[in-house]
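Working notes, beginning with the structure itself.
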Amino acid sequence: AAAAVPQDQKEGGGLMMGTPVLSKDILQEAMPGNIRRGRHFLQYLRILVEYIKSKLNATEVSCQFPGQFMNGLTNGTCTGGIVGDPKGMRFCYSRLNSLLKTLEVTDLDEYTPIQLLANFVTLLATYTKGFRVLMEPHDDRTPHIKDPKLQLTCVDASIAIKPVFERFRNVIITSGTLSPLPFYTKILNFTPKLSEALTMKLSKKCILPLIVTKGSDQVPMSSKFEMRNDANCLKNYGQLLVELCAVVPDGIVCFFTSYEYMEQVVSEWGKKGGSKQPTILQQILKNKLIFIETKDVAETSMALDAFKKACDCGRGAVFFSIARGKVSEGIDFNNHYGRCVVMFGIPYQFTKSRVLLLRMDFLQTNYGVQDREFITFDAIRQTSQCVGRVIRSKMDYGIMIFADVRYSKADKVKKLPQWITHYLDPKHHNLSTDRAIYTVKQFLREMGQPRSLKAEIGETMLTRAQVEKRARTLGLGKKFAGGFQSESKDLPRLERPGRDQKQHAPQHEEDEAAAMEMELM
């Protein structure tokens, strides 16, 4: 979100948004007397700890509003409502930090548990709406093992954006995954003055989205529960990747719906189909190296570095990753690091998650959002986030493979961002593996042709007339007068860079491009 500087900061008011989730009255409120002294505050914390311990000993799942939880704290541990007083609880986190600074504690890691407790209590007392307190005595996957979890869950996304709307006059929200737009305005609870979906302006079609629904044997491909153990389906997934590795240069990124599903697929790909027949993994390794994202951050970072080195040296590589993981959220596979991205399945959330159920119940009650609509919206948003890793600039190009028969349905396609659907040809909604590979070959042949900067002018870059018009509008005409070459002159042609070449044009081309492309601020 981008916004103008608030008026009180312009005038030197000094009120900052360091704690945007807290209201002004709380920020300006004085700390209550019952926790000002250190020994009183420590006694306060001891009572809180004992109460939380009693809640963690519960044997049944429970869900409460913050007010109900605080009422139990008042009635169960302290007469007179001293501990359960929301005024004191709201200052719990800041008072603890003040105490640690006063005592000059340097090893804060040792006090992480009590800091988490203080943070929990502070948020609990701050919000009475839009949150739920959920107590789970064990994980549903291991009901015989006691593993209690007490969490404060936010079910109303509008709480996070509301302080921004209240503080700033103009707010611009932009993203490549804001689709469909009306859904965001509904769950964030605001009415936009202007809402518009824009496509990418490109001189040539550099994005190829394909929905691959079946293998060459016409067996459907899907990650849905009923087909997860289907050997033919997993084999078709593997054959699709093998053929892509044979025709796509440099880097390929594959996203799976979960770690468990990735382990299952990779294990199946490692099995031999016959005595002399190579496994799917062996066939992939003939063309590219394989790297895998793990739950360990350090291991994943090392795998990413090795993946990029393999692409830089021309060996090529495949990176197996997870939707909703580290790689899908913040890693860019620009240029030759990501010539193709494959989404194996649809990354739905675990529908039996109690946190998800609480959020869906809130959305349906307050905004009329149906459960199925929200689950599909969330899954397609994650899909868009994953496939968007492949295209990171106007001179980049890439292939997007949606490998699941369910992507061909209208309710899935219409939730994809417009910059993807604009290039999604209707005849590419239901492709088999062999037809998809044929289309990929044609696309790569076209992308291999030289591209010139002249073709970009008026498409991805401003023309001279457009730059001069903006300069006059902003009163900068004299500054830029005569500063550009004639548009009629032929610009140097920008050849497709090789692996060992830098991804930019010579200096004189950069100067010309910068002049044509500049956005006057």
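Positions are given from 1, in the same order as the sequence printed here. Atom set for the values below is all heavy atoms of this structure, side chains included, hydrogens, waters and symmetry mates excluded.
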Just checking [X] against [Y], ring centres under 6.0 Å apart?
X	Y	answer
F183	Y367	no
F333	F307	yes
Y51	F69	yes

What class does the angle between the rings of F165 and F190 fall in, given that below 30° is parallel, 30 to 60° is tilted and above 60° is perpendicular?
tilted
Using the ring of each side chain (for Trp, its six-membered ring), is F374 parallel, tilted or perpendicular to F377, with breaks at 30° and 60°?
tilted
Quick one: which of F255, F256, Y237 gives a ring pair (Phe, Tyr, Trp, His ring centres under 6.0 Å) with F320?
F256
Closest contact, heavy atoms only, [X] versus [Y]:
X	Y	result
S222	M227	CB-SD, 3.8 Å
L240	A403	CD2-CB, 4.0 Å
L108	Q115	O-OE1, 3.9 Å
D404	T213	O-CG2, 4.2 Å
L416	T421	CB-CG2, 3.7 Å
R228	L234	O-CD1, 3.7 Å

Separation between [atom1] of [X] and [atom2] of [Y], rounded to the nearest 0.5 Å:
X	Y	atom1	atom2	answer
L100	T106	CG	OG1	10.5 Å
I292	E263	CD1	CD	9.0 Å
S267	L281	OG	CG	9.0 Å
F291	C311	CZ	SG	8.0 Å
T257	M262	OG1	CE	10.0 Å
L356	T351	CG	OG1	7.5 Å

Have [X] and [Y] got a donor and an acceptor in their side chains that come within less than 3.5 Å?
X	Y	value
R324	S258	no
T294	D296	no
D378	Y348	no
E136	Q151	yes
K415	T383	no

Test item: [X] and [Y] side chains (from C-beta on) under 4.5 Å apart, heavy atoms:
X	Y	answer
P137	V61	yes
L48	C92	yes
D411	E373	no
I159	F131	yes
R406	S223	yes
I114	V49	yes
V105	E110	no
L304	F319	yes

Could you walk me through whether F344 and M221 pass side-chain contact (heavy atoms from CB on, under 4.5 Å), step by step?
CA-CA 9 Å; F344 290 115; M221 292 190 297; over 6 Å; no
Please indicate whether [X] has more than 12 foreign heavy atoms, meaning atoms of other residues, nucleotides or ligands, lying under 6.0 Å from its [atom1].
X	atom1	value
K162	NZ	no
F65	CZ	no
K146	NZ	yes
E226	CD	yes

I'd like to know if the side chain of [X] and the backbone of [Y] have a donor-acceptor N/O pair within less than 3.5 Å.
X	Y	result
Y407	G345	yes
S301	V297	yes
R339	I252	no
R95	I35	yes
D396	N335	yes
T122	Y93	yes
Y44	M89	yes
T365	F362	no

Starting from the C-alpha separation in whole Å, work towards a yes-or-no answer on side-chain contact (heavy atoms from CB on, under 4.5 Å) for V369 and K186.
CA-CA 9 Å; V369 178; K186 186 182 295 184; 3.4 Å; yes
Working for side-chain contact (heavy atoms from CB on, under 4.5 Å), residues I207 and I420
CA-CA 8 Å; I207 303 174; I420 294 179; 5.9 Å; no
Test log, rule side-chain contact (heavy atoms from CB on, under 4.5 Å), inputs L424 and I211
CA-CA 9 Å; L424 181 58; I211 299 178; 4.1 Å; yes
